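Below is one structure; the comments refer to it alone.
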Amino acid sequence: PMNRRPFIKLAVGASIASVYSKAQEPAAAPKKLGWALVGLGSLSKNQIAPALLKCERSKLAAVVTGTPAKGVEWREKYGLTEKQVYSYETFDKLIEDKDVDVVYIVLPNSMHHEYVIRAAKAGKHVFCEKPMANTAQECREMIAACEKAKVQLGVAYRCQFEPHHQEAIRFSREKVFGAVKHVNAEFGFKIGDPKQWRLRKDLAGGGGLMDVGVYALQACRYLTGEEPIEISALETKTDPVKFAEVDETITWQMKFASGATANCLTTYNFNGANNFTVTAEKGRFGMGPAYGYSGQKGWTSDPKVPFEFPATDHFVLEMDAFSKAIIDNKPFAPSGEEGLRDLLAVEAIYKSVKSGKAEKVEAV
Ligand code: NAD
């Protein structure tokens, strides 16, 4: 039998050894979910794929493209195998790909509906670019398909993950400047190539409003924390040839249940509109630039309340947040319902442009 002294020595030695070896062990790498990108256009190429290389919880696991040459280019650039490159015809085979957890739909707006539903049927969680679809009815069908398949549906509203926007939301919720009374929000830009899908109603669903106006609309919703109940809108069109199918410039006003109001602008015809201002009971705050990939700047009416954060990659933040929600089995926001609520407001805006009257926003 062992006498006491060597036993203590052995035990202490063993525990030192175990502490020592634990310290030597690298921390277990966090689990990364595999993402499949559908549509290799400019957003996938310039923002999403580079962001995936920086993510902690997400990695590129497949691509879907209709252009074989792009498949070759992406294989070389991102070290993908032949099997990891799908076409729109082989898309549904994703069901057999165990390395793909999430399918990210980065196609023209009108195609979101079909591919979100097909991804859900393949048993994959789905992340969908904004605007979620061309109509509220399509959004409802996408939500239902994901519920049926028991997969999560996230909408890529990247600003909700950006620290300035998050701080602005905190100012509102915690009434740092008192209750929010009015929001002014604008986002637009001068669009180039007259042949692009963004100017075709069947593919884009609408013009500036569908593409970038939704950011201003979203901001009003998250800055008031309320849903618009009534909307009044008007459109101006200075180039009926270029904007034959879609809206050029729209301004709209919204009324919320608390009595708060919002005033918004979107355009495809000039640069510079990229901001919001919140007027609350005891002060004001705002951002400008507000909605681009970078360059966010905040200001407040009170010099004692700072509003400045370092630059972030919005795509890294939103994709990792979606992966984390799936890993932790927690609901993700912004979900499909957020996309649907925006489309309901968008439909009221277009209805008001046509009728020339204030229109009610349909309930979810
Ligand atoms: P894009 O034109 O650069 O790319 C679209 C891709 O879809 C291309 O690869 C194209 O080949 C493919 N495609 C497949 N079928 C097509 C068809 N019938 N017509 C046209 N293209 C077809 O567009 P994008 O800028 O990458 O936008 C894609 C989506 O991402 C849109 O829904 C857009 O609103 C959204 N988006 C979001 C942000 C953001 O900041 N979150 C920024 C830009 C675009």
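This structure is a prediction, so every number in the text was calculated from the model and none was measured. Remember, it's 1-based here, ligands and their atoms both numbered in the order they're listed.
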Got the closest protein heavy atom to [atom], with its distance?
atom                    : value
atom 23 (O) of ligand 1 : Trp197 NE1, 3.5 Å
atom 16 (C) of ligand 1 : Met111 SD, 3.8 Å
atom 5 (C) of ligand 1  : Pro108 CD, 4.0 Å
atom 18 (N) of ligand 1 : Leu203 CD2, 4.0 Å
atom 4 (O) of ligand 1  : Gly41 CA, 3.2 Å
atom 32 (O) of ligand 1 : Asn109 OD1, 2.8 Å

Is [X] close enough to touch ligand 1? Criterion: a residue heavy atom under 4.0 Å from a ligand atom.
X      : value
His314 : no
Tyr215 : yes
His112 : yes
Tyr293 : yes

If you measure only the distance, is there a donor-acceptor pair under 3.5 Å linking the side chains of [X] and [Y]?
X      : Y      : value
Glu186 : Asn274 : no
His113 : Glu141 : yes
Glu162 : Tyr291 : no

Suppose we call two aromatic rings close when their centres sit under 6.0 Å apart. Are Phe307 and Phe171 close by that rule?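 Yes, ring centres under 6.0 Å apart.
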Counting the benzene-type ring for Trp, do Phe161 and Phe315 have ring centres under 6.0 Å apart?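 Between Phe161 and Phe315, the centre distance exceeds or equals 6.0 Å.
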Minimum non-hydrogen distance to [atom], winning option of [options]:
atom                    : options                      : value
atom 3 (O) of ligand 1  : Cys159, Ser42, Gly39         : Ser42
atom 29 (C) of ligand 1 : Asn46, Leu107, Leu43, Asp193 : Leu107
atom 37 (C) of ligand 1 : Glu129, Met132, Arg198       : Glu129
atom 34 (O) of ligand 1 : Lys130, Arg158, Gln47, Lys70 : Lys130

List the steps, then state whether salt bridge (charged side-chain N to carboxylate O under 4.0 Å, His left out) holds for Glu73 with Lys77. CA-CA 6 Å; Glu73 190 192 312; Lys77 187 151 186 196; over 6 Å; no
Enumerated ligand 1 atoms positioned under 4.0 Å from heavy atoms of Leu40: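 The list of qualifying atoms is 9 (O).
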Is there a side-chain contact between [X] and [Y] (heavy atoms, below 4.5 Å)?
X      : Y      : value
Phe270 : Thr249 : yes
Trp74  : Val85  : no
Leu234 : Trp252 : no

Within this structure, what is the OG1-CZ distance for the pair Thr267 and Phe187, rounded to the nearest 0.5 Å?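 Answer for the OG1-CZ pair, Thr267 versus Phe187, is 11.5 Å.
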Tell me which one of Val180, Val183, Thr224 satisfies side chain to side chain contact (heavy atoms under 4.5 Å, CB included) with Phe256.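 That would be Thr224.
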Could you tell me whether Val106 and ligand 1 have an N or O pair separated by under 3.5 Å?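 Looking only at distances, the answer is no, because the N/O contact criterion of under 3.5 Å is not met.
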Within-cutoff protein neighbour (heavy atom, under 4.0 Å) for atom 10 (C) of ligand 1: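 For atom 10 (C) of ligand 1 the answer is no, since every protein heavy atom stays at 4.0 Å or beyond.
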